[in-house]
Amino acid sequence: MAYKTRNHIVVVGIDFGTTYSGYAYSFRSDFIKDKTDHLNKIYTNNWNCGDLMSEKTPTTLLLDKNKKFVSFGYDAENDYSRKTEEERKEHYYFRRFKMALYDKDGKLKLTRDTVLKDMRDKEMPAIDVFALSIEYLKDEFVKKFQERNLQVTITPLNKYVSWVLTVPAIWDEAAKQFMEEAAERAGISKESLLICLEPEAAAVFCKWIQIERNDDALNVMKPGRRFLVLDAGGGTIDMAMQEVREDGKIQEINRAQGGDWGGIYVDEEFKRMLEDIVSKPIIEAFRMKYTGDYIELFRFFEKKKREKQTGKNVRVHIPSSLLEIADDIIKCIEDHGLKNEVELKKDKLQIKVKKFEEFFNKVVDKIVVKVEEMLVSDATEEEKIIIMVGGFSESELLQRRIRNSFPSHTVVIPQGCGLAVLKGAVLYGHDPDIIAARVVKYTYGVGTNTRFIKDKHPESKKKIINGIEYCTDKFDIHVNKDTLVHCNEETEKIYFPLYENQTSVNFGVFASNAVEPQYTDDEECKEIGSLTVPMPNTTGGTGRRVKAKFKFGATKITVEGLDETSNESVDVKIDFLENKP
């Protein structure tokens, strides 16, 4: 792969999150020189958010009326809130837009023409929104790095910098390709970019934290140790069981799973309660007219989400602008039967802790159920470690629920758990081979024609070619779903042309959610690409051999075709973003 021959000086990880984003980096020389202290050699950036410094910044993008970049993160929030109503109407303001790429039910049809709606429902191409955001993080790294005056040359970037962009493991292939192409539009070359799955980045980070007790000292995880990475972010939850091998590398034990159960859905429950109290139109008017106050309200709520609640009530400051445009809130609370759960005192909404915890229950219940499924699926008897990372893992309530739900397991919340994916991505960039094996997400194969067998194959699939009965659309499996495959492992099968004078063979490449799919038009099958192998020498007729080879070396599967007569090969051109009808 490209990274093996690269002479890079620095690796930069970009964690493009639903709620917050950031970057981190470390030097290749530091990584090679020190084999035990990788985590302390990673540098992060600090953003100023007013009353404190933060190592991440909100995933918020502000553009002018011409769709040109204005600002990102805390700056975008502050710039937008300071603008007049007329100025806001002209500008484009995007926040928490990453979840637009999550194809929860297989109906998204993500393409390069997919559009995003901003705060006021104005539209622009999603790939431009993502590209401008990634470009800001890239440029911010370059600017801050050069300000440090380290006397180190990192330009041209495509020669001296390796970039690692993280994506959720539960995303489909189209979303991964979308992020790759957005990064390329942002000025990051394909040759210098690696895509890293978020739970894998977290696993690499976890490998280097000291959690094993040995002779009253803490060490990094020993070989054979299995651990569940619970990566709880703002939008998605990813989790995967990992194992440290004897050679120090990491391999998956079961397929990464998760869902859209992140921290932003707690905000949604809080917002729903406000809409119940003062009405949905009032909250919408508040969002549109007093956008700065709206942002500040949810910024304040974000802090409360992470705090340990020791009193009877959780106090949330309500902006005066909302109090002004809403009807009598105290009466509204009573009318909705909430007076025993919520009380307004001056500008503070006092929410009973039990009611506050209800905001979390819907997503936390789903997380607990999925964690239990993952633990049960691993039959080993030894005690397992649950390592909680990601911004939502900073929530004391989520931590408590996980600890209470799994008392026989050790639950570890590393210091700075919100940066685990980011720092792990940097380490992955230095050593992508650290992930030694992955569990295949789908069943992969090619569409073929096989000899028709009466009473075995349906009559609807029968086709006569050169006087021979064939069964069409047969799914020829190369690897089955949930199979553990080692990185750089390959599968290959031999196929033959149907016609003597055939000068090429075309394969459809398919993925299926089924374990043993029979036909390529089965309900759970999807064509993900096509492969045309030239066979210009027709001397061997139908006895010529063509080989289809699947390679499992990276976060995405690649396919190669080989004509054994000419010994020439071609790589499959898989485009998940085609604008198909």
Donor-acceptor contact below 3.5 Å, side chain [X] vs main chain [Y]:
X      : Y      : result
Thr59  : Gly17  : yes
Lys41  : Ser26  : no
Arg28  : His430 : yes
Ser54  : Thr57  : no
Gln257 : Met239 : no
Lys207 : Lys249 : no

Distance, nearest 0.5 Å, that separates [atom1] of [X] from [atom2] of [Y]:
X      : Y      : atom1 : atom2 : answer
Phe97  : Asp118 : CZ    : CG    : 11.5 Å
Ile170 : Tyr102 : CD1   : OH    : 4.0 Å
Glu77  : Arg299 : CD    : CZ    : 4.5 Å
Leu228 : Asn254 : CG    : CG    : 8.0 Å

Next item on the list: For Ala186, enumerate each residue passing the side chain to side chain contact (heavy atoms under 4.5 Å, CB included) test, keeping only those at least two apart in sequence or located in another chain.
Entry: Ile134, Glu135
Aromatic ring pairing [X]/[Y], orientation class (parallel under 30°, perpendicular over 60°, tilted between):
X      : Y      : value
Phe27  : Tyr43  : perpendicular
Tyr444 : Phe550 : tilted
Phe31  : His38  : parallel

Margin query: Please evaluate residues Thr155 and Tyr160 with respect to the criterion side chain to side chain contact (heavy atoms under 4.5 Å, CB included), reporting the C-alpha separation (whole Å), side-chain torsions for both, the decisive distance (0.1 Å), and the verdict.
Written below: CA-CA 6 Å; Thr155 53; Tyr160 295 119; 5.8 Å; no
When you measure from the centre of the six-membered ring of [Y], is the NZ or CZ of [X] closer than 6.0 Å and no more than 45° off the axis?
X      : Y     : answer
Arg120 : Tyr93 : no
Arg95  : Tyr80 : no
Lys122 : Tyr92 : yes

Should we count [atom1] of [X] as having more than 12 external heavy atoms under 6.0 Å?
X      : atom1 : answer
Lys67  : NZ    : yes
Lys549 : NZ    : yes
Gln415 : CD    : no

Next item on the list: Hey, could you give me each pair passing side chain to side chain donor-acceptor pair (under 3.5 Å) that has a residue in residues 230-245? Not counting sequence neighbours.
Entry: Arg245-Asp247
Checklist line | Aromatic ring proximity, centroids under 6.0 angstrom, Phe298 and Tyr294 | finding: yes
Checklist line | Contact summary for Arg88 and Gly292, nearest pair of heavy atoms | finding: NH2-N, 4.4 Å
Next item on the list: Run the salt-bridge test on Lys303 and Glu307 with the 4.0 Å N-O cut-off and return the result as yes or no.
Entry: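 No salt bridge links Lys303 with Glu307.
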